[in-house]
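So the structure is just underneath, and the comments pick up after that.
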Amino acid sequence: MLSMIAPAAAGCGDSDPGDAPGGAGGTGGGGSSQGGESSGTMTTSTGGGEPGCTTLAFEPLPESAIEWSGFPACDPQSGICIVYPAPMEHVGPVAMSPSGTAYAASNNTIASWKDGTGVVHRLPTKMAISSITAVSDSDVWAVGEGSLLAHFDGSIWTVSELPEPSALYGVWASGPNDVWTVGNFGAIGHYSGTWSAITLPDDPSLFAVHGTGPLDVWAVGSHSGIDGAVYHFDGMQWLEVPVDANEWLESVYAATPSDVWIAGRNGVVLRGNASGFVPVTIPVATSESQSFSSVWGTGPNDVWLLGDTDTLHFDGSTWTRLEPIGFTIAGRSATDIVAGAYTAANHWDGTVWKEDFGLSEPPLAQAWAAAPDDVWFVGGEGAVVRTDGEDIRRGKLGDRSLTAIWGSGPTDVWITDGDRVLRGDGETFCEVAVPATDSFGSYLTIAGSGPNDVWLLQSDAPPLHFDGSSWTPVGEDLNALSIVAFSPTEAWASGDNLLHWDGTTWDYPETDFSPANGRDESFGLLWGSGPTDLWVVRDVFLESPKFAHWDGSVFTEIDSVANSSGTLSGSAPNDVWSFGFDVLHYDGQTWADVPSGRLRVNASVATTEDVWAVGDHGLILRRSNSLGPP
């Protein structure tokens, strides 16, 4: 696990921020303020006339309860690694082998652990895993989007696709040669040494599969996204079992051939067998509009129901309501169960639920680099994370979400939480007096070209400009969310419009997609290496988002599809990155897709040494430029 060495202490008044060198920047979208308790401490003083100065005390990032090997989890094709938290950005489907090894999937990453130690694998696919089952520690199956089929033989994961072009939602196995998958359009796959596939009539969407053996298998889902669908396999054929359920059915658990449980949306719980099903009345109070995402058990007298806001347990005669422990559940006995809660993997020992490992760190929403070996991230609950490329530490700057960071160098760093603007020397930050406006909005982002040329974007108010001694409102509300400045006479802003600053006024540049030419567009993030190298995401209404590039005189529309909600960052004109649903890289000639698996990124920053990206739950990703071009 990485940790960062804190910089030498220096007060706000001990150095002159105006002498700081310029730094590389990064861009990103806004982040949620939700998250867990953050480490790091702060001290606040008002001595010397300073309006609320805060000194950061950096501490190591919290470590997981699991000791992971094979971590950081690096994508085998792109070299992008999940640096923190171990080992994934969220916990999705779970499984447990007969030996007690637990498995959890997150997008294309699979973690397995037992007795406090674990291993991380990242599959060479961008498809997200939706379900996983473990026959043994050397026979594990996972399925997901795009007919994704993955198998683990105890050593490596092999990725392929089933013949039917369908999203796969469920997988279950009774043994090595009896594996079932279900998915969209009535697709059912079966492995008995070789794979075969069938398609059920009426193309139901099938979300889950379970059974008691090769002659008793159940699949549930919905017809046309409205009515519940239940199907049973008796060893010879699949037959539909009629049920009275006008809701999606999302999970099935077969305790015995004659005792099958089904759960779904809006509180639907059914119990029955091939002869029919009846609704289950739960006598304990549950939340209104409760939807059950998972049902599982070890027998008729040990059944678990996991819902949006409740966890319910049935012991054969009595229902007990517990605090929510997750959305997916699996186990091997009544005293060894694992649940995936999106932000944690929880374990049941027969008495209490305890967290195996958690991802409840504050989200990281913005990134900035003072130098290739001095990179900063900020986010929820005042989290400030700093790395020198080798070690990473975190501090705390107040309790509010930090929404933007920029600096002219390592000893001149600006941060805003939406209500305040803070300026610091890298360790101690003091509140900056900003002129009040009539707006009830907040500060959106901050950027500049140096200590005497800083822009502060506000919502519902004109942007503010700092010339090194005072702030000045400039023009009218730009309705902008992103800004980049190259000099006091050269800046760009994007949002509802694309605008250029020439040192005197903000104005629309001459482009084919300007409002003057009748184009009604909004614009995404900006990044540029200089006045003749600027990139912007064009979020064209009713069309796919695209990139546009400014060479100092004209904008060129790029045919490549952009990431509509992605980030833009770079280290040079021939090294530009966009992280979103896909990861894209520009090498100075063309934009190319980087096969990296699905990533949920809020912000990124690229330096000559590394590319960093951050997201929810404290997610930190890294790719070293020592690997060469992607």
Side-chain angles (χ1 to χ4, degrees), residues 131 169-170 172 174 180 182 186 188 200-202 204-322 324 327-331 334 337 339:
S131 183
Y169 298 126
W172 171 81
S174 69
W180 294 90
V182 297
I188 294 181
L200 297 179
D202 301 326
S205 295
L206 301 174
F207 303 132
V209 58
H210 194 260
T212 63
L215 307 182
D216 180 42
V217 185
W218 294 84
V220 300
S222 74
H223 288 296
S224 304
I226 302 174
D227 297 326
V230 177
Y231 291 86
H232 179 246
F233 180 72
D234 60 5
M236 298 294 293
Q237 60 182 336
W238 283 93
L239 295 175
E240 184 170 6
V241 179
V243 293
D244 184 13
N246 297 323
E247 301 291 345
W248 288 21
L249 303 178
E250 299 195 0
S251 183
V252 58
Y253 163 63
T256 70
S258 61
D259 189 12
V260 180
W261 294 74
I262 298 172
R265 296 192 175 183
N266 288 327
V268 172
V269 180
L270 305 174
R271 188 179 187 183
N273 49 51
S275 299
F277 285 80
V278 296
V280 175
T281 299
I282 300 176
V284 296
T286 61
S287 302
E288 294 183 4
S289 302
Q290 174 81 271
S291 289
F292 294 108
S293 57
S294 189
V295 58
W296 179 87
T298 61
N301 299 328
D302 181 31
V303 179
W304 292 87
L305 274 171
L306 274 57
D308 294 338
T309 56
D310 296 314
T311 294
L312 300 171
H313 180 255
F314 182 65
D315 65 4
S317 60
T318 303
W319 285 95
T320 303
R321 180 186 179 189
L322 298 89
F327 300 99
T328 58
I329 187 169
I337 304 172

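This chain uses plain numbering: 1 for the first residue, then up along the sequence.
Residues satisfying the side chain to side chain contact (heavy atoms under 4.5 Å, CB included) criterion with T328, sequence neighbours excluded, are V94. Checked against side chain to side chain contact (heavy atoms under 4.5 Å, CB included), L215 has no partners two or more places apart in sequence or in another chain. Considering only residues two or more places apart in sequence or on other chains, S222 meets the side chain to side chain donor-acceptor pair (under 3.5 Å) condition with none of them. Listed by chain and residue number, S258, S275 satisfy the side chain to side chain contact (heavy atoms under 4.5 Å, CB included) test with N273 (two or more places apart in sequence, or in another chain). The side chain to side chain donor-acceptor pair (under 3.5 Å) search around T311 returns none, not counting sequence neighbours. With sequence neighbours left out, the ring-ring contact (aromatic ring centres under 6.0 Å, His included) criterion links H223 to no other residue. Y169 meets the ring-ring contact (aromatic ring centres under 6.0 Å, His included) test with F207; sequence neighbours excluded. The ring-ring contact (aromatic ring centres under 6.0 Å, His included) search around W172 returns H210, not counting sequence neighbours. Take N301 and apply the side chain to side chain contact (heavy atoms under 4.5 Å, CB included) test, not counting sequence neighbours, and it matches no residue. Here S224 pairs with nothing under the side chain to side chain donor-acceptor pair (under 3.5 Å) rule; sequence neighbours left out.
In this structure, W180 has its ring center no closer than 6.0 Å to that of Y231.
Sorted by first and then second residue, the salt bridge (charged side-chain N to carboxylate O under 4.0 Å, His left out) pairs involving residues 208-226 (not counting sequence neighbours) form an empty list. Sorted by first and then second residue, the pairs that involve residues 249-267 and meet salt bridge (charged side-chain N to carboxylate O under 4.0 Å, His left out), not counting sequence neighbours, are E250-R265, D259-R271.
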For this session: Take L206 and I188, measure what side-chain contact (heavy atoms from CB on, under 4.5 Å) needs, and give me the verdict at the end.
Result: CA-CA 9 Å; L206 301 174; I188 294 181; 3.8 Å; yes

Problem set entry | Candidate pair F277 and V260, rule side-chain contact (heavy atoms from CB on, under 4.5 Å), full reasoning | CA-CA 9 Å; F277 285 80; V260 180; 4.0 Å; yes

For this session: Could you walk me through whether W261 and V280 pass side-chain contact (heavy atoms from CB on, under 4.5 Å), step by step?
Result: CA-CA 9 Å; W261 294 74; V280 175; 4.2 Å; yes

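Here the straight-line distance linking atom CG of L312 with atom CH2 of W319 works out to 6.0 Å at 0.5 Å rounding. Atom CH2 of W248 is separated from atom OG of S205 by 7.0 Å, given to the nearest 0.5 angstrom. The distance from the CD1 atom of I329 to the CD1 atom of I337 is 5.0 Å, given to the nearest 0.5 Å. In this structure, the separation between CH2 on W296 and OG on S294 is 10.0 Å, given to the nearest 0.5 Å.
Side-chain N or O atoms of S291 include none that pairs as donor or acceptor with a backbone N or O of D308 at under 3.5 Å.
Of all the heavy atoms in G267 and F292, the pair that sits closest is CA-CE1, 3.8 Å.
Between W304 and H313, the ring planes lie tilted relative to each other; the angle falls in the 30° to 60° range.
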